[in-house]
> 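This is the structure I want to talk about, given as structure tokens.
Residue numbers start at 1 and run along the sequence shown.
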Amino acid sequence: MTSVQVEQHGNTPGEGIQGDGGGEGYHRTLGARQIQMIAIGGAIGTGLFLGAGKAISKAGPSLILAYAIAGLVIFIIMRALGELLMYRPVSGSFSDYAREFLGPFWGYVTGWTYWLFWVVTGITEVTAAAQYMSYWTHDSFPQWAYALIFTVILYGANLISVKLFGELEFWFSMVKVTAIVGMILICAGILTIGFSDAAETASVANLWNDGGFFPKGIGGTLMTLQIVMFAFLAVELVGVTAGESKDPEKTLPKAINTVPWRIAVFYVGALVMILSVVPWTHFQPGVSPFVAAFERMGLGIGAAIVNFVVLTAALSSCNSGMYSTGRMLRDLALNGQGPKVFTKLTKSGTPLIGTTFSASLMLVGVWINYVAPGKAFDYVVSFATISGMWAWIMILVCQIRYRAKADRGELPGSKFRAPGAPYTSWFALVFIGMVIVMMGADKDARVSLYCAPLWGLILGVAYLVMKNRDPRGAAFTQAS
């Protein structure tokens, strides 16, 4: 049996920059190299490799502008998070800040919602990874068995040490980065040198030739914002690593400040090159734009390459889910808003019980997908987008509250102030609100908005039950 320890959750505001995880009992073993790649990997997922095909068909070349504007909003969110992290870097991150600046109920809701986001994401991604494996095995090996194998391997890696988690994320992200950079270089070669089957029609003019830059109108571009924002979900994961970063004062700001160029290169740059080589009318929903581009170039191996990359992206996402769910459950437990058993850590500093509980639920999801793929399961999956954006909303609101208190001298100022705040933070909140409105106008995404009130009701009832049992408990009477 692995021995465990229970640590006190005792760091106060403004403390915890150095030491053993801000007083939370975690080990600071994630280095700059790993933090950088976790930040990069969080911004690159299946939303780009697969989801962009549907978005291109809806908006045409104007999708480039949608990614650029959304990327600016993501940078604002990350700088707001960075300001909070330099004030108090803790692994509870958004949940801890919501608890401090908005009250215990909001910390409770944020922690459990972010936990659910990653459980649901983990379920869908491990199942997707199993489906991608069938590309090579052609159903000769059961899909559920692949899902089981991947879940067990990632679970084991997360229990061994946080350093191993960081190494897995580093190499997962490296594969994605290499694939995108390779695609950009190939497209650049076609546009300048003129090799491959796509050379005859390749031209930057493809960005406006077929119906203009906005072929589906401004409305079509706006309707893709939900797809675009979904692609950026998990970029905030770097905040959860704060309690286990070797030197958070240096590594976290550096990772956050690379967000603009990451988005400029991996999203805007990649789409500009692909849509210059292949006219936007050739892309279809459900087909990866990378696969379509490779086929247009006459490179048949492209499909196999992209399948390997999306497999890596899915495993990366599931790995991140294993990591973050355990930390969120432990933060909730330390604050009296979750079962105390989740506070236990292994000798290597990993939340054993919380990670095991979350991984078990992911296995249940694999079973559900095996018994009844699609159908009701899809309704649960659709909740991921709205629950992920909830974390962004909390980050922005907490940063606004923190900045106001810091400016009044009530709290120590952050060494990494968000530029233009609080006005930029309000702009980002309005933008997220607009995206939610767009989700309501889209029948395919509307189900997410139906799920949110139901989840809120469940959390509200559970909170009242716990509060009635211990009405004077610190977890319910004051922010920690």
> Applying side-chain contact (heavy atoms from CB on, under 4.5 Å), can you list everything that pairs with A359, at least two apart in sequence or on another chain?
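Result, side-chain contact (heavy atoms from CB on, under 4.5 Å) vs A359: Y155, M322.
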
> Is atom CZ of F308 surrounded by more than 12 heavy atoms (other residues, nucleotides or ligands) closer than 6.0 Å?
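No, the 6.0 Å shell around CZ holds no more than 12 heavy atoms from other groups.
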
> Applying side-chain hydrogen bond (donor to acceptor under 3.5 Å, both in side chains), can you list everything that pairs with W280, at least two apart in sequence or on another chain?
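Expected list: none.
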
> Give me the ring orientation class for F105 and Y463: parallel if the planes are under 30° apart, tilted from 30 to 60°, perpendicular past 60°.
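Perpendicular, since the angle between the ring planes exceeds 60°.
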
> For M389 and I432, work out which heavy atoms get closest and say how close.
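Minimum heavy-atom contact is SD-CG2, 4.2 Å.
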
> Taking the ring centre of each residue, are Y97 and Y402 less than 6.0 Å apart?
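No: the rings miss the under 6.0 Å criterion.
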
> Residues two or more places apart in sequence or in another chain: which of them pass salt bridge (charged side-chain N to carboxylate O under 4.0 Å, His left out) with R401?
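Per chain and number, R401 pairs via salt bridge (charged side-chain N to carboxylate O under 4.0 Å, His left out) with no residue.
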
> Scan for side chain to side chain donor-acceptor pair (under 3.5 Å) pairs involving residues 72-83, sequence neighbours excluded, and state none if there are none.
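Passing the test, one end in residues 72-83: R79-N257, E83-Q399, E83-R403.
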
> Does a side chain donor of either Y114 or W118 reach within less than 3.5 Å of an acceptor in the other side chain?
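A donor-acceptor contact under 3.5 Å links the two side chains.
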
> Of all the heavy-atom pairs spanning L332 and G111, show the shortest one and how long it is.
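It is CD1-C, 3.7 Å.
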
> Would you indicate whether the side-chain heavy atoms of Y67 and I263 approach each other to under 4.5 Å?
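A side-chain contact is absent here, since even the closest heavy-atom pair is not under 4.5 Å.
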
> When you compare the side chain of D96 with that of R99, does any pair of heavy atoms fall below 4.5 Å?
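Contact flag for R99/D96 side chains = yes.
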
> Going by ring-ring contact (aromatic ring centres under 6.0 Å, His included), name the residues that satisfy it together with F342, two or more places apart in sequence or in a different chain.
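Once residues adjacent in sequence are excluded, the partners of F342 under the ring-ring contact (aromatic ring centres under 6.0 Å, His included) criterion are F357.
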
> Going by the rule side-chain hydrogen bond (donor to acceptor under 3.5 Å, both in side chains), which residues pair with T355 if we only count those two or more places apart in sequence or in a different chain?
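Residues passing side-chain hydrogen bond (donor to acceptor under 3.5 Å, both in side chains) with T355: none at all.
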
> Who are the ring-ring contact (aromatic ring centres under 6.0 Å, His included) partners of F283, not counting sequence neighbours?
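Listed in chain order: nothing, the list is empty.
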
> Testing E100, R417, K415 for side-chain hydrogen bond (donor to acceptor under 3.5 Å, both in side chains) with Y87, which one passes?
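Among the candidates, only E100 passes.
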
> Calculate, to the nearest 0.5 Å, the distance between atoms CZ and CG belonging to R88 and L411 respectively.
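One finds 10.0 Å between CZ of R88 and CG of L411.
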
> Under the salt bridge (charged side-chain N to carboxylate O under 4.0 Å, His left out) definition, can you give me all pairs with a residue in residues 109-124, not counting sequence neighbours?
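Sorted pair list comes back empty.
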
> If you count every heavy atom of other residues, nucleotides or ligands that lies below 6.0 Å from W106 atom CH2, does the total exceed 12?
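Not buried by this count: 12 neighbours or fewer within 6.0 Å.
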
> Taking the side chain as every heavy atom from C-beta outward, state whether I400 and L429 have any pair of such atoms under 4.5 Å apart.
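They are in side-chain contact.
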
> Provide the full list of ring-ring contact (aromatic ring centres under 6.0 Å, His included) pairs with a residue in residues 414-441, sequence neighbours left out, each pair given once.
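Output for this query is empty, none listed.
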
> With sequence neighbours left out, write down each residue that passes side-chain hydrogen bond (donor to acceptor under 3.5 Å, both in side chains) with W390, or none if nothing qualifies.
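Expected list: T110.
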
> For K405, what residues pass the salt bridge (charged side-chain N to carboxylate O under 4.0 Å, His left out) criterion, not counting sequence neighbours?
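Expected list: none.
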
> Quick test of your reading: applying salt bridge (charged side-chain N to carboxylate O under 4.0 Å, His left out), list the pairs with at least one residue in residues 422-439, sequence neighbours left out, ordered by first then second residue.
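Not a single pair qualifies under salt bridge (charged side-chain N to carboxylate O under 4.0 Å, His left out).
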
